[in-house]
Number of protein chains: 4
Amino acid sequence: MMARGNTRQRIQDVALELFVEQGYEKTSLREIAEKLDVTKAALYYHFKTKEDILISLFRDLTAPIDELISWAQEQPSTLETKQEILRRYSEALAGASPLFRFMQENQGTVRELSVGENFKDRMFALRDLMILPDASLTDQVRCMSALFTMHAGMFVLKDAKGDPEEKRKAVLEVATELVVQAHTGVTTVTR
Amino acid sequence: MMARGNTRQRIQDVALELFVEQGYEKTSLREIAEKLDVTKAALYYHFKTKEDILISLFRDLTAPIDELISWAQEQPSTLETKQEILRRYSEALAGASPLFRFMQENQGTVRELSVGENFKDRMFALRDLMILPDASLTDQVRCMSALFTMHAGMFVLKDAKGDPEEKRKAVLEVATELVVQAHTGVTTVTR
Amino acid sequence: MMARGNTRQRIQDVALELFVEQGYEKTSLREIAEKLDVTKAALYYHFKTKEDILISLFRDLTAPIDELISWAQEQPSTLETKQEILRRYSEALAGASPLFRFMQENQGTVRELSVGENFKDRMFALRDLMILPDASLTDQVRCMSALFTMHAGMFVLKDAKGDPEEKRKAVLEVATELVVQAHTGVTTVTR
Amino acid sequence: MMARGNTRQRIQDVALELFVEQGYEKTSLREIAEKLDVTKAALYYHFKTKEDILISLFRDLTAPIDELISWAQEQPSTLETKQEILRRYSEALAGASPLFRFMQENQGTVRELSVGENFKDRMFALRDLMILPDASLTDQVRCMSALFTMHAGMFVLKDAKGDPEEKRKAVLEVATELVVQAHTGVTTVTR
DNA sequence: TATGAATGAGATTTCATTCAT
DNA sequence: GATGAATGAAATCTCATTCAT
């Protein structure tokens with residue numbers, strides 16, 4: 001009989017780990033339960049359904065992004081604000097990177113989960129904060145690209161050599177440049 | 001009773017449609033069979049397993065990319081070559097966009113399928129063709145970002161207004177700029 | 001937080017309500033507990049098992065019937081006695097009509113519960129009190145029919161218009177006539 | 001490997017037997033499958049859900065009753081018609097008596113199944129055919145009682161001694177008398 | 001008096017797959 | 001080329017029940 005009281009948290013941890021590793025659909029509750037050395041029924045004491053575990057995981061991710069969005073919506077829509085958004089977003093991503101990787105790799109599955117909508121909404125909100133309404137198509141692509149560079153960058157560079165913090169900086173730099181360029185039509189020459 | 005003989009093709013079409021819409025795991029053979037108005041057993045006459053259907057779909061996607069890669073490997077590693085790679089890649093993507101979207105949204109699931117490895121290999125080959133071995137971290141990010149911009153661009157801009165061909169051009173333009181910048185340290189000012 | 005001490009009673013009330021509405025099997029302890037805003041474990045403080053709740057409910061129903069039966073067994077087996085039995089039975093039924101309805105609609109489930117036997121025994125005892133041992137088959141049917149008319153009448157006429165007390169009287173009248181007829185071979189002409 | 005082709009029918013037979021014996025809820029598909037020596041999955045080849053098995057069983061019961069109802073609706077609403085209805089109903093019941101007993105004993109469970117409504121509708125249709133719209137409350141009870149006498153009679157007299165056909169006749173006789181009485185105000189003296 | 005946490009057993013259902021015809 | 005019938009494995013989920021606190 002081991003120390004309890006943290007079971008809910010432990011379920012979340014193990015579930016996230018397995019969801020990331022194998023995908024949501026391929027991870028069974030049996031697997032989660034076995035890894036925790038509890039019964040399947042115990043999972044149902046803490047979460048109403050399998051999807052519920054996922055949802056609870058998402059709340060932890062979306063909270064910081066929600067904060068970021070509402071902060072941003074109160075700022076003037078200047079280039080400086082946008083640079084700050086990217087900076088903060090970069091940190092939020094780094095802080096929840098496994099979940100984010102899961103998100104990225106399971107879009108298809110997650111799409112029809114109730115949580116999917118929520119996430120999409122966040123992405124669109126962010127996009128609207130980055131984009132200039134009357135910008136050229138090319139500049140709009142730049143802004144989207146800035147966001148996606150940050151998403152992708154996180155785990156694409158995972159197997160590249162180098163310090164993670166340095167890599168994050170490099171990704172942020174490229175993303176920032178894209179936004180600057182979308183706003184000013186020039187780029188800071190970086191060498 | 002209509003003339004058949006094209007069942008294999010029809011299976012592929014319906015399967016792709018459903019895989020894209022719902023994901024691979026969530027699509028059952030029953031569903032595919034019902035939509036085709038044949039029995040599940042009929043599917044097994046044409047394909048050895050469910051995964052086999054997926055693999056057959058991938059061959060159609062990977063073939064053009066393989067051609068692109070082997071063509072590129074015989075070219076000199078110049079900026080012009082890379083620009084041409086992006087141009088050709090853009091077209092390959094546009095030609096198989098549903099499958100590509102499926103790929104993107106089901107990375108997690110597809111990863112452990114035999115087909116997953118194949119795809120990853122292609123991506124790495126492409127990356128190696130775009131990147132300069134001794135480039136700065138930032139420039140490497142730019143090259144990756146160029147590739148991902150193209151992936152994302154396809155379906156992120158799906159709901160944006162405007163002609164698809166124009167959008168493709170805009171995406172290609174931004175991607176090209178990123179690569180140019182990674183190679184020369186400057187950007188073509190686009191206005 | 002309101003003053004308690006009546007929890008046992010409240011459990012019985014809610015359980016009866018749900019058992020009647022959904023059947024015994026389909027009603028879970030979770031449901032009962034939730035409706036009472038206590039935990040399932042609390043139910044187990046008051047009752048040893050789920051079946052125990054049912055049994056406790058039955059005691060309230062069977063007590064008046066038991067009284068009726070033992071009273072009847074001490075009376076002479078005359079037509080007047082039988083009419084009085086029906087009269088009293090009618091009142092007992094009216095007083096516990098939800099439970100009776102449950103009984104009626106869940107015979108199948110209740111049959112193998114220990115409580116089932118008890119109930120059947122009561123029914124047979126009543127039948128033996130109503131029937132003449134050497135009566136014709138037809139007259140025996142009349143006596144059974146009298147009893148069942150009363151059971152059914154209660155809730156079959158539920159959606160019919162009219163005052164419940166009047167309906168009870170009408171049912172009792174028909175039942176009484178059946179017994180009279182079984183005993184005398186004639187019927188009181190009622191118009 | 002035994003002779004097949006009749007599996008669907010065998011499932012229905014075994015299911016009815018167990019449903020009658022233990023109730024619908026308490027009968028598991030495992031049990032049915034085991035008794036048939038097939039796997040649970042085989043049941044799902046023939047029926048979409050557990051409820052579906054029940055529904056299929058009901059169709060066999062309701063068909064003759066439906067015929068009876070539509071025949072009756074085309075007849076003049078005379079006493080003779082009503083006597084004929086009872087006669088035919090008696091036969092229909094005798095022909096499907098296990099199913100009917102199940103129905104009677106599982107009203108609670110069956111009520112919310114889609115099949116429940118159907119059944120209720122039939123009962124109401126029959127009632128409307130038997131009842132005189134402007135009859136006294138007592139006469140209405142007599143008509144309902146006639147119907148219920150027949151339902152109950154079937155299996156209440158099961159353990160009584162005597163030939164089933166004779167018992168059926170006796171039940172029919174009592175039911176008929178009730179209807180006659182409701183229509184004429186007198187009873188045929190039967191001795 | 002009650003709760004929080006958990007269990008063991010079992011329910012219904014779904015799936016990919018097989019094979020004789 | 002295809003079907004009808006079935007299987008074995010596993011999935012999600014529910015339930016009555018227990019027990020330390």
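What you are looking at is a predicted structure, and each value in this text was computed from that prediction instead of being measured. Below, read A as the first sequence line, B as the second, and so on, with proteins coming before strands; counting in each chain starts at 1.
For the pair D:Tyr45 and F:dA5, the criterion of a side-chain N or O lying under 4.0 Å from OP1 or OP2 is met. The phosphate of F:dC13 has neither OP1 nor OP2 within less than 4.0 Å of any side-chain N or O from A:Thr49. For the OP1/OP2 pair of E:dA6 and a distance below 4.0 Å, the side-chain nitrogens and oxygens of A:Thr7 include at least one atom meeting the criterion. A close approach under 4.0 Å does occur between a side-chain nitrogen or oxygen of B:Arg30 and OP1 or OP2 of E:dC15. OP1 and OP2 of F:dA10 both lie 4.0 Å or more from every side-chain N or O belonging to A:Ser28. Dashed line: the shortest gap from a side-chain N or O of D:His46 to OP1 or OP2 of F:dG4 is not under 4.0 Å.
Salt-bridge formation is not detected for the pair B:Lys35/B:Glu31: no Lys NZ or Arg NE/NH1/NH2 atom is positioned less than 4.0 Å from an Asp or Glu carboxylate oxygen.
Separating the CD atom in C:Gln104 from the OG atom in C:Ser97 is a distance of 12.0 Å, to the nearest 0.5 Å.
For D:Ala41, counting side-chain heavy atoms from C-beta on, the closest listed nucleotide (F:dA16, E:dT14, E:dG4) is E:dT14. The D:Lys40 side chain lies nearest to F:dA10 when the options are E:dT3, E:dG8, F:dA10. Closest approach to the A:Lys50 side chain among F:dT7, E:dT7, F:dT12 is made by F:dT12 (side chain taken as heavy atoms from C-beta onward). Comparing atom distances between the A:Leu29 side chain and each of E:dT17, E:dG8, F:dT12 picks out F:dT12 as nearest.
For the C1' atoms, the distance from F:dT21 to E:dT1 is 13 Å, rounded to whole Å.
Side-chain N/O atoms of D:Glu25 and C:Thr109 include no donor and acceptor closer than 3.5 Å.
The separation between A:Arg8 atom CZ and E:dA6 atom C1' is 16 Å, rounded to whole Å. A straight line from OH of D:Tyr24 to P of E:dA11 spans 14 Å, rounded to a whole angstrom. F:dA5 atom C1' lies 13 Å from atom CZ of D:Arg10, rounded to whole Å. At whole-Å resolution of the value, NZ in A:Lys48 and P in E:dA5 are 17 Å apart. Here E:dA5 presents its P atom at 15 Å from CG of A:Leu36, a figure rounded to the nearest Å. Distance CG (A:Asp52) to P (F:dT14): 11 Å, rounded to an integer number of Å. Rounded to a whole Å, the CZ atom of B:Phe47 is 15 Å from the P atom of E:dA16. Summarising the geometry, the separation between OH on A:Tyr44 and P on F:dA16 is reported as 17 Å, rounded to the nearest angstrom.
Remark: E:dT21 base-pairs with F:dA2; criterion is Watson-Crick or G-U wobble with both hydrogen-bond distances under 3.5 Å.
DNA chain E is contacted by both D:Lys26 and B:Glu31; D:Lys26 maps to the nucleotide lying nearer its 5′ end (nearest heavy atom per residue). Nearest-nucleotide positions on DNA chain F for A:Glu51 and D:Thr39 put D:Thr39 closer to the 5' end.
Considering only heavy atoms from C-beta on, B:Phe47 stays 4.5 Å or farther from B:Leu54 through its side chain. The shortest side-chain heavy-atom distance between C:Ile53 and C:Leu29 falls under the 4.5 Å cut-off.
Using a 30° and 60° split on the angle between ring planes, B:Phe100 and B:His151 fall in the tilted class, from 30° to 60°.
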